Each structure stands twice: as C-alpha cells, then as structure tokens.
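The sequence lines fix the lettering, A, B, ..., with proteins before strands; numbering per chain opens at 1. Here the structure is a predicted model, which means the values were calculated and not measured.
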Amino acid sequence: MSILDALNPPQREAASTVAGPLLVLAGAGSGKTRVLTYRIAHLVRELDVAPWRILAVTFTNKAAGEMRERIEQLIGDQAEKVWIGTFHAICARLLRYEAQAFGLDPNFTIYDEDDRRALMRRLFAALNLDDKELAPRSVISQISSAKNAMIEPLRFTQEANGPRQRQIGEIYTAYETALRQNNAFDFDDLLVEVVRQFDQHKDVLARYQDRFQYILIDEYQDTNRPQYLLSQQLAGQHRNICCVGDDDQSIYQFRGADIRNILDFEQDYPEAHTVRLEQNYRSTGNILAAANAVIGHNKHRKGKELWTQADPGDRIDLVHNDTDRDEARFIIRTIQKHRDNWDFNTSEIAILYRTNAQSRPLEEELQRARLPYTIVGGIRFYERKEVKDLLAYLRLLVNPSDAVSLQRVINVPKRGIGGTTVERVQNYAREQGFTLYSTLGQLDQVPGLNARARKHLDEFYGLLKSLRQRHEEVGLEELVADVLENSGYRAMLHAENTPEAEARRQNVEQLQAFISEYAQNNEEATLTSFLEETALMTPQDDAEADAETAKGGITLMTLHSAKGLEYPLVFICGLEEKLFPTLRAIDEEAADPQAIEEERRLFYVGITRAERRLYITYARLRYTYGNLVETLPSRFLEEIPQELLKASLETRESGWTGRQRSARPGRKPANRRPDSPTRPSKPKRTTPAPEGVHYEWDEGSQPSRADFDEAIDQEDFLAVGRWVLHGTWGRGQITARQGSGAEMKLSIRFSGQTKRVAVAYAQLEPA
DNA sequence: ATACCCTTCATTTTT
DNA sequence: TGAAGGGTAT
C-alpha cells in the first residue's frame with residue numbers, strides 16, 4: 001500500500017522514479033501538480049527523505065503556496081520544511097543567507113519595473129542622453145535580454161555592433177554601477193547574481209548541492225538561461241532532478257524563456273528518463289480535440305497527443321460579432337443565460353483575452369449588467385503610489401544607499417526641496433562618488449545650495465536619521481506608524497479632502513494591516529524580509545485579489561495569466577488577425593516562424609483551460625488606439641475542425657444584433673458614442689438573412705468592403721459647409737475634411753475659433 | 001513651483 | 001482611447 005496508489009500508471013511512474021534525472025512531459029490537465037505533490041509526499045513519507053533536503057521551484061508565488069498546502073494535506077507539518085518557492089524568491093533568500101560569503105550587503109533592495117525606469121531616467125539625465133533619440137524602454141529591455149543571456153556590460157560593449165549598441169553598452173555599464181551603488185538588484189539580477197556567485201564560491205555551492213538531495217522544477221518550458229544554469233548547479237551532485245513541463249505550453253519565450261531547456265533535457269542528462277502524461281482529466285472530448293488540432297499546426301514540438309475518457313460534450317461555439325462592444329454584450333448575455341439556466345454560476349466562468357486593453361468593454365458591460373467580476377493582473381496593490389511611497393521610506397531605513405527610493409520621497413510630502421536642489425546634491429554626490437544619502441550629511445560641501453534649501457534638506461536628513469534610530473528600537477507596527485506621522489505623510493493625506501485621498505488613506509491603512517499581520521504570523525519578521533516579500537509579489541498574490549475571487553465573480557484575465565488555471569465555462573475573445581496572433585508575431589513571421597507558434601501555444605493554453613463549455617469570439621470592427629479598425633478573423637480559427645463547432649443556436653434564437661437595433665430606428669441622435677457614424681450600427685447584408693440569424697463564421701458572411709463603405713456613407717452630414725453640434729463647443733460649421741472612415745478629421749469653425757476634430761472621438765450631431 | 005494643456009505613444013505577456 | 005511626459009502659462 002503506497003500513497004502513489006492514488007495515481008494512474010504514468011503518473012505513478014513519474015512520482016516514483018526518484019533516482020536520477022527525470023523529465024515529465026505533462027500535457028494540460030494531466031495531473032501535473034498531483035504528480036509533484038505526491039512525489040514529495042512519497043519521498044518524505046515512504047522513502048524517509050528529510051523534507052529540508054527537497055527543493056521545489058514553481059513559476060508563481062501562488063503556485064508555491066498551493067503546492068505547500070497540498071503537500072501539507074499529505075504529510076502534515078513536515079511540509080513547512082520543504083523549500084518551495086519561485087526562482088526569484090529562492091534566489092533572494094540565498095543572496096541574503098550567503099551575503100557574507102558572497103561579499104554582499106544583506107539589506108539590498110529589490111527594484112521592480114518602476115524603480116528600474118526611475119533609475120534609467122536618472123541615468124539618461126546624468127549621461128546627457130536624449131530620450132527621443134534612444135528610448136529608455138528599449139534600453140531597459142535590451143539590458144534585460146543581455147542579463148538573461150548572461151552577458152555582462154563589459155562583454156556587451158566589446159561585442160557591440162555599431163555606435164548605437166556601444167552606447168547601450170555604456171548605459172548598461174552605468175546602470176549596473178548605479179545598482180551596486182544603491183545596493184540594489186533588479187529582478188534579472190537576483191538569478192544572474194546567484195549563478196555568478198556560485199561559480200565563484202564553489203564551497204558555498206557545494207553546501208547547497210549536498211543539501212538538496214531532490215530537486216523539482218515546475219513549468220520547465222518557461223525557464224530562462226540563468227534559471228537553467230542554476231538548476232544544473234544545484235543538481236550537480238545528486239543529480240536527482242525532476243523537471244516537469246509542457247513544450248506546447250511555452251508562452252514566455254518573448255521574455256527569455258528558452259525552450260531548448262526542455263527540448264535538450266535528454267542531452268543534458270544522458271541518463272534521464274522521460275515520462276509522458278497524456279491523459280487529460282479536465283476537458284470534454286470536443287474541447288480536447290480542438291486543442292489537439294490547433295497545436296498540431298506547430299512544427300517544433302516534442303510530440304504529444306492528449307486523450308480523455310470523458311464524453312465529447314457540447315460543441316464549441318464560435319461567434320462572430322460586429323464590434324468589440326457587441327462582442328462584450330454577447331458574452332454578458334450568454335453568461336446571464338447560463339446563470340439563469342443554472343448551467344454555471346459566475347465563479348465558474350472565465351473570460352480570456354490576448355491583451356489587457358481588451359478588458360475595458362467587457363468590464364463596462366459587466367458593470368452595466370451588475371454581474372460580479374474580478375480582473376486578474378491589474379495594478380497590484382504594492383504598485384499604488386501611496387503604498388510605494390510608504391515602502392520607499394521603509395526601504396530607506398534598511399538600505400539608505402537606495403537612491404531611487406530616496407528621490408521618490410525626498411519631497412513627498414512637499415517640503416520645499418525642488419528638482420534643481422536635488423539635482424545639485426546629486427551632481428555633487430556623483431562627482432565625489434558619494435551616495436546621495438551620505439551627501440545629505442555634508443551639505444556644506446555642496447555648491448550652489450541656498451540657505452533655505454539647505455535647511456530643508458537638513459531636516460529631511462534628520463528625519464531619516466531619527467527613523468533609522470527608531471528602527472533599532474521598536475517593532476514593525478510602531479515603526480510604520482512613526483514613519484507616517486513624522487514624515488508628515490499622514491497629515492498630507494488628511495489635508496486633502498477628496499474621495500481619491502480617502503482611497504489612499506485606506507490603502508495606507510491596509511498596508512499597515514498587512515504589516516501587522518505579517519509581524520504576527522512570522523516569528524522572525526524583519527523589515528527586510530517583509531520588503532523582500534512585497535517586492536516579489538504579483539497582482540495575483542495580493543490578498544485583495546483572493547478576497548475578490550472568493551466573492552464568486554467572473555474572472556477576467558489575459559491568456560498568460562490563465563496558465564495553470566481551469567474553469568467550467570471559458571470565453572476566449574478577440575480571435576482576430578493582428579490581435580491574436582499579435583501584429584508583432586505576424587511581422588516577425590518571415591524572419592522567425594517561432595513567433596506565430598508561440599501565439600498558437602497561447603491559444604492552446606486558452607482552449608485547454610475550459611472544462612465543459614467553450615466560446616470563442618471575434619469582432620469585425622474593433623477599437624484600436626481609439627480608432628475603429630476593420631479586422632480579419634484569426635488564422636487560428638481555421639485550424640479548429642468544423643465538426644467540433646456549433647452553429648451558434650444562442651445567437652440565432654435571440655437575434656439580438658439585428659432586431660434590437662432595427663426595432664428602434666434612429667432612436668438616438670446620429671452621433672452618440674456607441675453608434676457614431678464611423679461605427680456602422682448594422683451594416684445591411686447584400687443577401688437578406690433569415691430573420692434573427694446572426695452572422696457566423698461558417699456561414700461565409702465575413703466582413704466585406706461593401707458593408708463598411710456603406711456604413712461610412714452615413715457621414716454625408718459631415719460634408720464641408722454643413723453645420724454640426726459639438727458636445728463641448730456648441731454649434732459650428734465644417735470648413736475642411738480630411739481622411740475617411742475612422743480616420744476622418746474635420747476642421748470646424750465655432751463662434752470664436754476653429755478646431756480640428758477627429759470624427760471618431762467627437763460627439764457630433766447635425767445642427 | 002505648480003497647474004494645466006498639449007503632444008506623443010502605445011498594446012503583448014510577468015518574476 | 002488613455003496614460004504619461006514635456007512645455008508653457010500662471
């Protein structure tokens with residue numbers, strides 16, 4: 001009798017093959033997490049392995065938390081001692097534990113994207129660079145790629161091609177120097193630094209190699225170069241490394257994930273075993289067949305075919321709408337229908353999309369329908385301005401070298417320290433090679449400061465010094481209260497009497513609550529460890545997000561965020577060329593067919609999230625950058641076999657597009673937002689369709705040029721010389737007209753002045 | 001020093 | 001469309 005009896009044969013093989021390297025190719029919904037948790041339970045309970053000698057690496061903090069919980073159910077308290085975490089969290093921990101051996105200051109700060117941008121902006125100023133000539137964004141991304149490829153500044157500069165690359169090399173060098181001066185690491189550094197340090201300190205590495213007798217790595221298809229190297233380093237001695245992944249679900253190559261890590265596993269470890277988990281326990285037969293068919297179009301695969309014992313279930317609904325707004329309305333109506341029929345309740349439903357921007361119409365329609373929902377991955381709690389301000393103060397207390405944080409709060413709340421003043425101090429600090437903070441202690445040396453500025457700077461320095469003193473003396477909660485009080489931040493929030501300020505107050509209070517909770521739950525809670533945790537949090541990890549989900553709402557998120565999740569009813573929307581696959585992937589296609597394949601994998605991930613019912617939608621017209629743009633159906637749609645698709649009965653019966661609108665002709669002034677002239681309300685079909693039948697993909701009624709042009713003809717009232725009414729400017733006469741369709745712009749003479757107006761935005765009515 | 005207005009730019013994706 | 005940054009007016 002073994003724990004593993006609960007597994008199917010391949011799962012059991014994967015969980016019980018503990019000696020030597022093992023690659024588990026786990027298809028979507030094949031019980032991957034189950035294998036991982038049972039494997040650990042088996043090691044501890046049946047093979048008597050000490051839990052602290054096991055290392056499990058996951059892709060997200062959330063996955064780490066869930067894994068720990070599930071292991072706890074199998075082996076109890078012992079689960080606490082297993083090392084479980086993301087690569088980033090584990091690396092941050094290693095850097096602090098081994099700071100002394102590595103010659104580091106353990107109080108380093110972890111810079112997020114925001115901090116990184118702030119630092120880069122400052123570097124551009126210091127190096128006298130023009131950010132119009134060279135986009136900081138692009139520099140940051142190139143530096144990040146370089147780090148992920150383990151190329152350090154020196155080598156980057158040496159191998160640079162042309163003056164531009166050399167310049168980026170210089171910026172990279174300056175960026176790294178600044179990070180070190182600030183005693184800070186960015187996300188990429190956390191990984192790269194550990195790998196380098198282990199290379200240089202083999203004795204330290206040897207300790208961990210010896211310690212981690214068993215290593216498990218989840219989502220192996222999405223590991224990048226440094227993560228791969230770290231895995232190799234740590235597994236170097238025992239070689240009991242179990243990598244679990246699915247090459248078909250590799251969706252992070254754009255940010256440096258290297259699919260070769262999984263494809264070449266058997267070459268890296270010649271003695272490796274490979275187990276395939278191909279039985280799917282999640283989806284109905286039709287959904288699975290669609291997924292298999294779609295992914296079958298990719299050429300670069302290990303090869304794997306999922307199967308299921310489940311019934312075929314319903315066919316997949318492929319639904320075509322006029323506009324993105326209609327698409328949103330259709331989805332909401334369908335949800336209401338399913339809810340009213342008791343097919344699904346709202347917490348069982350997910351709406352997935354390619355880009356975050358697509359969430360807006362959905363959100364608006366959900367609100368209108370008063371349906372509960374949560375958007376995953378919006379702005380995370382720890383990125384809100386007031387929260388970051390407060391955290392910046394706290395970071396400064398443990399790491400005064402952190403110039404990014406220092407500059408963030410030096411004049412927040414306002415204390416009369418302006419940009420010019422800061423610049424003077426900064427210049428002096430740079431010239432002398434001092435940190436910004438230490439320069440505050442010797443202001444009399446800084447040239448060009450007036451007495452007032454000096455006084456204010458001195459007071460600020462005094463504030464930080466006294467708070468640092470408090471940090472030594474009091475607990476976390478009291479410290480935070482002191483920061484808020486003594487910095488004047490609380491007073492600032494209270495002075496402003498607006499609803500926004502009230503929201504900010506609440507956020508600050510919530511942060512205080514989190515800190516209290518953290519202090520109570522962790523016996524050895526320090527400010528440093530708290531800051532580390534918050535730095536590595538993602539929106540999905542926010543307690544707030546969890547609470548929202550628990551309320552039973554519909555979940556909205558990008559396809560990327562949906563990885564690893566499952567829902568009984570799934571909508572995938574926006575299946576249109578240039579959106580999904582993205583324009584970028586299409587452009588790159590000629591040079592790199594991999595780009596489209598990654599998009600296809602993303603679609604595959606989306607399809608396989610669905611358990612019982614799947615809707616795939618696309619719109620003929622979509623707002624893009626504020627313009628209404630004609631679209632083409634995604635190439636991926638053709639890859640789903642017709643027999644798996646349903647002639648969409650729902651839309652047929654309700655006939656909501658045609659009827660609703662034609663029933664109330666001209667019910668609104670020609671030009672109200674949702675039905676503006678550039679937004680054809682209901683293009684007439686050349687061949688009349690049966691009453692109530694909605695356009696559909698398989699009816700061959702793809703958007704035609706004629707439909708579009710016809711709609712635009714409605715804009716005759718916008719001819720030169722006509723009088724129109726403008727929402728803001730009142731009555732005016734059209735004096736000129738440029739462009740057509742969504743791009744049309746008018747010059748209109750109002751009483752007093754002439755304005756140029758984009759028809760797509762302006763709310764115009766005939767006057 | 002601050003506020004507002006204007007222009008520009010962006011849409012992948014996240015640790 | 002919108003956010004965000006820069007520039008100009010106050």
Of the nucleotides [options], which one has an atom closest to the side chain of [X]?
X: A:Tyr625; options: B:dT15, B:dT14, B:dA10; answer: B:dA10
X: A:Thr86; options: B:dT11, B:dT2, B:dT15; answer: B:dT15
X: A:Asn356; options: B:dT13, B:dT2, B:dT15; answer: B:dT13

Which residue lies more 5' along DNA chain B, comparing A:Ala585 with A:Ile417 via nearest heavy atoms
A:Ile417
Could you check A:Thr421 against A:Leu536 and say which one's nearest nucleotide on DNA chain B is further toward the 5' end?
A:Thr421
Identify whether a stacking contact exists between A:Tyr252 and B:dT14, where the ring centres must be under 5.5 Å apart and the planes under 30° apart.
no
Inter-nucleotide C1' distance (B:dT11, C:dG6), Å rounded:
23 Å
Using whole Å, report how far [atom1] of [X] lies from [atom2] of [N].
X: A:Asn148; N: B:dT14; atom1: CG; atom2: P; result: 16 Å
X: A:Asn627; N: B:dA10; atom1: CG; atom2: P; result: 15 Å
X: A:Glu599; N: B:dT11; atom1: CD; atom2: C1'; result: 12 Å
X: A:Gln249; N: B:dT13; atom1: CD; atom2: C1'; result: 15 Å
X: A:Asp218; N: B:dT15; atom1: CG; atom2: C1'; result: 15 Å
X: A:Phe580; N: B:dT11; atom1: CZ; atom2: P; result: 18 Å
X: A:Arg137; N: B:dT13; atom1: CZ; atom2: P; result: 11 Å
X: A:His456; N: B:dA1; atom1: NE2; atom2: P; result: 11 Å

Checking [X] now: which residues fulfil ring pair (Phe, Tyr, Trp, His ring centres under 6.0 Å) with it, not counting sequence neighbours?
X: A:Phe460; answer: none
X: A:Phe87; answer: none
X: A:Phe530; answer: A:Tyr518

Return the polar atom pairs (N/O with N/O) between nucleotides 2-4 of chain C and the protein under 3.5 Å, or none.
residue: C:dG2; atom: OP1; partner: A:Arg360; partner atom: NH2; Å: 3.1

Just to verify, what does A:Gln426 make a side chain to side chain contact (heavy atoms under 4.5 Å, CB included) with, not counting sequence neighbours?
A:Arg122, A:Gln407, A:Val422, A:Arg430, A:Leu436
Could you check whether [X] gets within reach of a base, just the sugar-phosphate, or nothing at all, counting any heavy atom under 4.0 Å?
X: A:Phe59; value: sugar-phosphate
X: A:Glu113; value: base
X: A:Arg622; value: nothing
X: A:Arg121; value: sugar-phosphate

Does a side-chain N or O of [X] approach OP1 or OP2 of [N] to a distance below 4.0 Å, or not?
X: A:Ser561; N: B:dT14; result: yes
X: A:Asn61; N: B:dT15; result: no
X: A:Thr624; N: B:dA10; result: no

Any donor-acceptor pair under 3.5 Å between the side chain of A:Arg255 and the base of B:dT14?
yes
Can you name the residues that form a side-chain hydrogen bond (donor to acceptor under 3.5 Å, both in side chains) with A:Thr617, not counting sequence neighbours?
A:Glu327
Do A:His300 and A:Glu597 have a side chain donor and acceptor closer than 3.5 Å?
no
Using only heavy-atom distances, determine whether the side chains of A:Asp389 and A:Tyr489 contain a donor-acceptor pair under 3.5 Å.
yes
Backbone of A:Val195 reached by a side-chain donor or acceptor of A:Gln233 within 3.5 Å
yes
